[in-house]
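Notes for the one structure printed next.
Note that ligands are numbered from 1 as they come in the structure, with each ligand's atoms numbered from 1 the same way.
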Amino acid sequence: MTATSDVRAGLGPGRIEVDLGALRHNARVLRATAGTRLIAVVKADGYGHGMLAAARAAKVGGADWLAAATVEEAVVLREAGLEGPILCWLTVPATDLAPAIAAGVDLTAYSAAELDAIAAATPSGAETPRVQLKVDTGLSRGGAPADAWSRLFAHAAEGERAGRWRITGIWSHFACSDEPGHPANDRQERAFRRALTLADEAGLRPELRHLANSAAAVLRPSARFDAVRCGIALYGLDPAPGHTSDIGLVPAMTVRAPLAMVKHLAPGDGVSYGHIWTADRATTVGLVPVGYGDGVPRHASSPGPAASAEVAVDGKRRPIRGRVCMDQFVVDLGGDLPAVGSDVVLFGPPSAGGPTAQDWAEACGTINYEIVTRIGGRMARTYLDSEIADAPGGEAR
Ligand SMILES: *Cc1c(COP(=O)(O)O)cnc(C)c1O
């Protein structure tokens, strides 16, 4: 399988390797675990993995639908030749909806006014626009508020009967699905069921009712409905650290750079801008030639508020010392002298021998989503294609 359009030459020594085999495997595992349709979420350049490559691999792995946030992303997917249903949900009044409607992309409407805008934007001769309705069940972000549901559903049903649009789905989104015990989850699911009842009473018969993102897809069987929308788990990262039962996901991204330089420090030598770290003993340090200009979080500077981020130099863990700069950072080599050019793994799957994106997230006070989505900048991006055997007799088939 090729992913040439997402390959990037890079403008520096950093390299992102994405394993398409891991993406396919994760799609298979998620589909089998959820036991319902899988909507593969490939927004934000596939969480940094390459949107088209991620979409193609997910489809080969069994994803039934693709989803993106913006209308523009969805149109790019279609124009790249991805067939089958594609959902998007982030429209603003200025968005030109015509290309998405012409491409048969499912748009999301939050209000009766948005439904009318979609009808008005439909190019003459285009097929009836496909629209999903998003209801706000407690996230208080996008979606129709509960007091508007009845009016929205009545308008949607009336327009559907008049052939102005087809309502293909009704959906909502959790606020706290990564905390399975949080009471908001039950409240939101109850509210979603109320919305579905109201929609049904209004005469709507959408093919797809969906509520769960990755964490809920894995941890909350009652929320799976007709489909689950999985992003982070598709990329092999834990959607609910500390809660998820291991379903055998494999992280798809590995980030590497070659060690650029090794030097000796004397006790008292300060390292990098601001000298926030000073050698307390004679040691050696190594220069890693990537920085926040490549998406390496400056919050990984050390000492910082949390445990320091680490990298693996030739397989050995080494802590970051001092501030992460725009183009480079320094690691403590503890007196060792690995060769210049040694392989430095910033993060990847456990099999890469280095830290994971989750480790970086914890060191930086953020979530694994942000680590993989923001990495990039000048880094090259390449694709590998491992064959990951699904567990014998396991669910992933
Ligand atoms: C990003 C997003 C998802 C995917 O969430 P994950 O936690 O990455 O699985 C699902 N639904 C909506 C509405 C989203 O914005």
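Of all atoms in ligand 1, numbered sequentially from 1 with element shown, those under 4.0 Å from a heavy atom of Tyr47 are 1 (C), 4 (C), 5 (O), 6 (P), 8 (O). Atom numbering of ligand 1 starts at 1 in the shown order; those under 4.0 Å from a heavy atom of Trp171 are 13 (C).
Arg141 and Asp136 are not joined by a salt bridge, as no carboxylate oxygen comes within less than 4.0 angstrom of a charged side-chain nitrogen. Using a 4.0 Å cut-off between charged side-chain N and carboxylate O, Arg317 and Glu310 make a salt bridge. Electrostatic pairing of Arg209 and Asp200 does not count as a salt bridge here, judged by no charged N lying under 4.0 Å from a carboxylate O.
Checked by distance only, ligand 1 and Ile232 come closer than 3.5 Å through their nitrogen or oxygen atoms. Considering both main-chain and side-chain atoms, Gly231 comes within under 3.5 Å of ligand 1 through a nitrogen or oxygen pair. At under 3.5 Å, not a single nitrogen or oxygen of Lys134, backbone or side chain, sits near a nitrogen or oxygen of ligand 1.
Between Trp360 and His299, the distance separating the two ring centers is not shorter than 6.0 angstrom.
In this structure, the protein non-hydrogen atom closest to atom 2 (C) of ligand 1 is Lys43 NZ, 2.6 Å. Atom 9 (O) of ligand 1 has its closest protein heavy atom at Ser214 OG, 2.5 Å. The nearest protein atom to atom 7 (O) of ligand 1, hydrogens excluded, is given as Tyr369 OH, 2.5 Å; this is a heavy-atom distance.
Not a single donor-acceptor pair under 3.5 Å links the side chain of Glu189 to the backbone N or O of Asn185.
Cys230 counts as a contact of ligand 1, since one of its heavy atoms falls under 4.0 Å from the ligand. Within the 4.0 Å heavy-atom shell around ligand 1 one finds Arg141.
A perpendicular orientation is assigned to the rings of Phe225 and Phe192, their planes being inclined by more than 60° (bins at 30° and 60°).
Residue-level proximity to ligand 1 for Arg229 is carried by backbone and side chain together, each with a heavy atom below 4.0 angstrom.
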Could you please spell out the steps behind the side-chain hydrogen bond (donor to acceptor under 3.5 Å, both in side chains) verdict for Ser302 and Arg321? CA-CA 5 Å; Ser302 169; Arg321 292 298 180 219; 3.3 Å; yes

